[in-house]
J.: 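This is the structure, below, for whatever I ask next.
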Amino acid sequence: MKLTKNEKGQIQECLRQYVSKYPSQNKAAQSLTGTSSATVSSILQGKWENISDDMWRNLASQLGTSAGTDWQVVETKAYQEMVFAMNDAQTVKNVTWVVGEAGCGKTTTAKLYANEHNEVFYILCSEDMKKSDFIREIARRIGQKTEGYSIRELLDRIIDDLIQMQAPLLLFDEADKLPERVFHYFIDLYNRLEDKCGIVFFSTSYIKRRMTMGLRYNKCGYNEIHSRIGRKFFELERTGAHDVYAVCMANGVTDKARISEVVRDSEEYEFDLRRVKKSIHRVKLMAKASPSPSEGRGAQTVVKQRLSTKRNSNHKAEGNE
């Protein structure tokens, strides 16, 4: 499906805001994958003729905007707790490890915070990351060129860039997936950035088990990492029915019967917000096909009011005759 001019305009505005967070347009372009400074310049100048829809979608995905969708993010209790943790880490330049179950909104919240705040850099971790991948991804996110430099040189450049910023913050999503050798690299990163840059890790509760085992068997680096996060994880409150209700209301599901249906369905899956989104999509489709009794009564009321108005008009006309 081709993107509309309005959708492209929304992506252009998001790109403009994204670029404004970097010291130069070139640095902003360096931080984006699959694009160039020339492409970024053309989009910002409104020269869209040679920009493919695939490029627009690529940018929309990286900028955190969803072209063609109108999904509204709700500030759940977990969302508020994560924003507090990130704001605190950025303000006082500390290190926090946030733990929350899958589907509680960690990735969405981290990306939104990075999009809405200056000097905040989001890095998605993976289990197949090598040291070089880890460092190059950080370098790319802060707008550094990665070609032609060794890993040690890149790390030096990253540190130099970050310590010159007023309130830098690194966000590492799915950090529990990092392999051992990369996991240990965090110690060197922390030692050189202590009191100069905030760091927040996000993961599921698996990290607690991994940390416990690492400490029990005195694995290299685990005691140091545990110390650097204050020997305590920042555990998020679980998503509940009240959060699901708020998500339904914000996304156009206001009928009580439909909301109850979404709540019941998501409760079976521990109120996973990804499940909630699917369930809301499903009940919206069902509502179009067959309105619920309360929705039907609303429609009948409108019809009756119109019929009553028409009868009154007829009576008035007959009286005038």
Side-chain angles (χ1 to χ4, degrees), residues 11 14-23 27-35 40 57-66 71 73 75 78-91 93-100 102-129 133-144 146 154-155 157-159 161-162 165-178 182-183 185-186 189-190 193 196-204 207 229 234 236 273-274:
I11 298 170
C14 287
L15 180 60
R16 198 183 307 281
Q17 293 175 12
Y18 183 86
V19 169
S20 70
K21 299 193 303 177
Y22 286 83
K27 277 211 163 190
Q30 286 285 344
S31 71
L32 297 166
T33 58
T35 189
V40 170
R57 291 192 178 92
N58 172 40
L59 286 170
S61 174
Q62 295 185 69
L63 297 171
T65 180
S66 302
W71 182 258
V73 175
E75 294 187 9
Y79 177 102
Q80 294 170 0
E81 290 176 333
M82 283 184 273
V83 169
F84 170 82
M86 289 184 283
N87 185 61
D88 182 63
Q90 187 174 16
T91 302
K93 299 180 175 63
N94 66 19
V95 180
T96 301
W97 197 303
V98 175
V99 171
C104 72
K106 297 186 297 297
T107 297
T108 298
T109 307
K111 285 183 175 180
L112 275 175
Y113 190 91
N115 288 338
E116 294 172 357
H117 294 78
N118 292 334
E119 301 181 337
V120 180
F121 309 100
Y122 171 89
I123 297 99
L124 177 63
C125 304
S126 65
E127 55 194 11
D128 60 350
M129 260 187 167
D133 300 325
F134 183 65
I135 296 302
R136 290 184 193 281
E137 182 63 11
I138 299 173
R140 185 183 69 79
R141 282 294 180 180
I142 66 174
Q144 290 274 7
T146 58
L154 269 181
L155 183 58
R157 288 166 61 84
I158 289 169
I159 302 300
D161 251 15
L162 290 173
M165 298 178 189
Q166 288 187 343
L169 177 65
L170 297 175
L171 305 178
F172 294 101
D173 195 11
E174 300 189 12
D176 55 337
K177 292 183 178 179
L178 287 174
V182 181
F183 200 58
Y185 221 71
F186 159 64
L189 193 66
Y190 173 88
L193 289 174
K196 299 181 181 70
C197 175
I199 301 175
V200 178
F201 294 96
F202 295 91
S203 75
T204 63
I207 187 60
I229 64 171
F234 186 104
L236 300 174
L273 292 178
R274 294 187 182 93

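Computed from a prediction, not measured in an experiment: that's the story for all the values here. Values below: all heavy atoms of this structure, side chains included; hydrogens, waters and symmetry mates excluded.
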J.: Strictly distance-based, threshold 3.5 Å: is any side-chain N or O of T91 a donor or acceptor partner for the main-chain N or O of N87?
T.: yes
J.: Is the shortest side-chain heavy-atom distance between E116 and Q17 below 4.5 Å?
T.: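 Not touching, per the 4.5 Å side-chain cut-off.
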J.: Looking only at heavy atoms, what is the nearest atom pair of G105 and L273, with distance?
T.: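 What the structure gives for the nearest pair is N-CD1, 4.1 Å.
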J.: Please report the shortest heavy-atom distance between C197 and L162, naming the atom on each side.
T.: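 So the two residues come closest at SG-CD1, 4.4 Å.
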J.: In the structure I gave you, are the side-chain heavy atoms of V200 and L170 within less than 4.5 Å of one another anywhere?
T.: no
J.: Do the side chain of N115 and the main chain of K111 share a donor and acceptor less than 3.5 angstrom apart?
T.: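 Yes, because the side chain of N115 sits within donor-acceptor range (under 3.5 Å) of the backbone of K111.
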J.: Roughly how far, to the nearest 0.5 Å, is CD of Q62 from OH of Y18?
T.: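 Y18 OH to Q62 CD: 7.0 Å, rounded to 0.5 Å.
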J.: Apply the test side chain to side chain contact (heavy atoms under 4.5 Å, CB included) to residues N118 and Q166: give CA-CA distance (whole Å), side-chain angles for both, the deciding distance (0.1 Å), then the verdict.
T.: CA-CA 10 Å; N118 292 334; Q166 288 187 343; over 6 Å; no
J.: Nearest heavy-atom pair of P168 and K93: which atoms, and what distance?
T.: CD-CE, 4.3 Å
J.: Is any side-chain heavy atom of F202 closer than 4.5 Å to one of L124?
T.: no
J.: Between M165 and F121, does the side chain to side chain contact (heavy atoms under 4.5 Å, CB included) criterion hold? Intermediate values first, please.
T.: CA-CA 12 Å; M165 298 178 189; F121 309 100; 3.7 Å; yes
J.: Between D133 and V182, is there a side-chain heavy-atom distance shorter than 4.5 Å?
T.: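 In short, these two side chains do not touch, never coming nearer than 4.5 Å.
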J.: Taking K27 for its side chain and V19 for its backbone only, find out whether a donor-acceptor pair lies under 3.5 Å.
T.: no
J.: Give, for atom CD1 of I138 and atom CD1 of I159, the distance between the pair rounded to the nearest 0.5 Å.
T.: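 So the gap between those two atoms works out to 8.5 Å.
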J.: Taking the side chain as every heavy atom from C-beta outward, state whether T109 and L112 have any atom pair closer than 4.5 Å.
T.: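 The answer is no; the side chains never approach within 4.5 Å.
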J.: Which atom pair, heavy atoms only, marks the closest approach of L236 to C104?
T.: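 Heavy atoms of L236 and C104 come nearest at CD1-SG, 3.9 Å.
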J.: Go through L15 and V40 one step at a time and tell me if the side chain to side chain contact (heavy atoms under 4.5 Å, CB included) criterion holds.
T.: CA-CA 8 Å; L15 180 60; V40 170; 4.1 Å; yes
J.: So which atom in L169 and which in A89 form the shortest heavy-atom distance, rounded to 0.1 Å?
T.: CD1-CB, 3.8 Å
J.: Tell me if the aromatic rings of Y122 and F172 count as close, with their centers under 6.0 Å from one another.
T.: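 So the answer is no for these two rings.
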J.: How about T96 and I199: do any of their side-chain heavy atoms sit closer than 4.5 Å?
T.: no
J.: Nearest 0.5 Å, please: how far is CD1 in I142 from CG in D161?
T.: 4.5 Å
J.: Are C125 and F201 close enough, and set up right, to give a side chain to side chain contact (heavy atoms under 4.5 Å, CB included), and what steps lead you there?
T.: CA-CA 10 Å; C125 304; F201 294 96; over 6 Å; no
J.: Please report the interatomic distance NZ(K106) to OG(S203), rounded to the nearest 0.5 Å.
T.: 7.5 Å
J.: Tell me the closest heavy-atom pair linking M82 and V98, and the distance in Å.
T.: CG-CG1, 4.1 Å
J.: Between the side chain of S31 and the main-chain N/O of A28, is any donor-acceptor distance below 3.5 Å?
T.: yes
J.: Can you check whether A167's main-chain N or O pairs, donor with acceptor, with E119's side chain at less than 3.5 Å?
T.: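 Judged by distance alone, yes, a pair lies under 3.5 Å.
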J.: Can you confirm whether the side chains of S126 and E174 place a donor and an acceptor under 3.5 Å from each other?
T.: no
J.: Aromatic rings H117 and Y113: how do their planes relate, parallel, tilted or perpendicular, breaks at 30° and 60°?
T.: parallel
J.: side-chain contact (heavy atoms from CB on, under 4.5 Å) with A139: which residues, sequence neighbours excluded?
T.: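 Listed in chain order: Q144, T146, L154, I158.
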J.: Any sub-3.5 Å donor-acceptor pair from D128's side-chain atoms to L178's backbone N or O?
T.: no
J.: Decide if atom CZ of R16 counts as having more than 12 heavy atoms of other residues, nucleotides or ligands within a radius under 6.0 Å.
T.: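 Enclosed: over 12 neighbouring heavy atoms sit under 6.0 Å from CZ of R16.
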J.: Would you check if L155 and L189 make a side-chain contact, meaning some heavy-atom pair closer than 4.5 Å?
T.: yes
J.: For K21, is the NZ atom crowded, meaning more than 12 foreign heavy atoms sit under 6.0 Å from it?
T.: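 Result for NZ/K21: enclosed.
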J.: Which value, rounded to the nearest 0.5 Å, describes the distance between R157 atom CZ and I135 atom CD1?
T.: 13.5 Å
J.: Side chains of T204 and D176: is there a donor and an acceptor less than 3.5 Å apart?
T.: yes
J.: Are the side chains of F84 and F234 in contact, using a 4.5 Å heavy-atom criterion?
T.: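 Yes, at least one pair of side-chain atoms sits under 4.5 Å.
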